[in-house]
Amino acid sequence: MISSMHVNPFQQAISVHWQTGAMEGREVKESRKLLGDLKGIFLDEAACASADANTVVYRVKWWQPSEPGSEGGLFWGVTAIESGKVGDECFMTHGHFHANSTRAEYYTTAQGEGRLLLMDRERKTWAEVMSPGSLHYIDGRYAHRVVNAGSVPLIFWACWPSDAGYDYGTIAKEGFGARILEQNGEVLVIPQTEISIKN
Ligand code: 6PG
Ligand code: NI
């Protein structure tokens, strides 16, 4: 017999479904990013302007059992990025540095195919392939952006410290050092320097 003493009455009723990215519970927060919210991040501004601004690009659900900014806690979340493109460029997240560069993060892919773009403060940029089961350790010094390079929603789980914080400003201003394009069915990592030359 299991005594009630072994049941934590304060346990939060949060449940996750690994494959679909479902995450439920009273304390689960949710945000949606529409194409209209992502102005300026895609290369082809004309294609972005002519697309429906209400198109959902990605959704995030997360649980923060401790105060954001407090030390020692961990947050848990899931992001689902729709499959789609703006011009040749695949749908992606804003991307950010953690405000506290000593705070790392884990990502693991549940569904879909994509690229995790990572960039250091010197703008050196590289990509890791995301596919079901891939696990990604993101050093706290590196900016991170996820790109859906496939034909189904890209779903990944994340775990990060409660005091990681966000620096979106640097990416909004300077972008990443590379872009992920899809041309003739091929996924290409194009350094920003090459794109500038072409323009
Ligand atoms: C975090 C995680 C992750 C991320 C989402 C959306 O630090 O919270 O990296 O939950 O916020 O995948 O990406 P953006 O925050 O870059 O829009
Ligand atoms: Ni992060």
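Throughout, residue positions are numbered sequentially from 1 according to the sequence presented. Values below: all heavy atoms of this structure, side chains included; hydrogens, waters and symmetry mates excluded. Both counts, for ligands and for their atoms, begin at 1 and track the order of listing. Note that the structure is predicted; figures quoted are calculated from it, not measured.
Of the options His98, Arg103, His96, the smallest heavy-atom separation from atom 4 (C) of ligand 1 is shown by His96.
Between the side chain of Arg145 and the main chain of His94, a donor-acceptor pair closer than 3.5 Å is present. In terms of modelled atom types and a separation under 3.5 Å, the side chain of His17 and the main chain of Ala22 share no donor-acceptor contact. A donor-acceptor distance shorter than 3.5 angstrom exists from the side chain of Thr108 to the backbone of Ser134, with no hydrogens or angles considered.
Residue contact annotation: Gly95 has a non-hydrogen atom under 4.0 Å from ligand 1. The closest approach between a heavy atom of Lys33 and any atom of ligand 1 is not below 4.0 Å. Contact between Tyr168 and ligand 1 is present, with at least one heavy atom of the residue lying under 4.0 Å from the ligand. Within the 4.0 Å heavy-atom cutoff, Trp62 does not count among the residues contacting ligand 1.
Defined by atom type and a distance below 3.5 Å, a donor-acceptor pair is present between the side-chain atoms of His144 and His98.
Partner of His96 under the ring-ring contact (aromatic ring centres under 6.0 Å, His included) criterion, out of Tyr142, Tyr168, Phe176: Tyr168 alone.
What sits closest to atom 1 (C) of ligand 1 on the protein, heavy atoms only, is Glu105 OE2, 3.3 Å.
Sorting the N, O or S atoms of Glu105 by how far they are from the Ni ion (ligand 2) puts OE1 first. When distances from the Ni ion (ligand 2) to the N, O or S atoms of His144 are compared, NE2 comes out shortest.
Contacts between His144 and ligand 1 below 4.0 angstrom, taking non-hydrogen atoms only, involve the side chain exclusively. Residue-level proximity to ligand 1 for Arg145 is absent, since no heavy atom of it falls below 4.0 angstrom. Within the 4.0 Å heavy-atom criterion, the part of Tyr166 lying near ligand 1 is the side chain and not the backbone.
Cation-pi geometry between Arg32 and Tyr58 is not met at under 6.0 angstrom from the ring centre and within 45 degrees of the axis.
At most 12 heavy atoms of other shown residues, nucleotides or ligands fall within 6.0 angstrom of atom OH in Tyr106.
Near Phe156, with a cut-off below 4.0 Å to any heavy atom, the atoms of ligand 1 are 12 (O).
Ionic pairing of Arg121 and Asp167 is present here: one or more N-O contacts between side-chain nitrogen and carboxylate oxygen are shorter than 4.0 angstrom.
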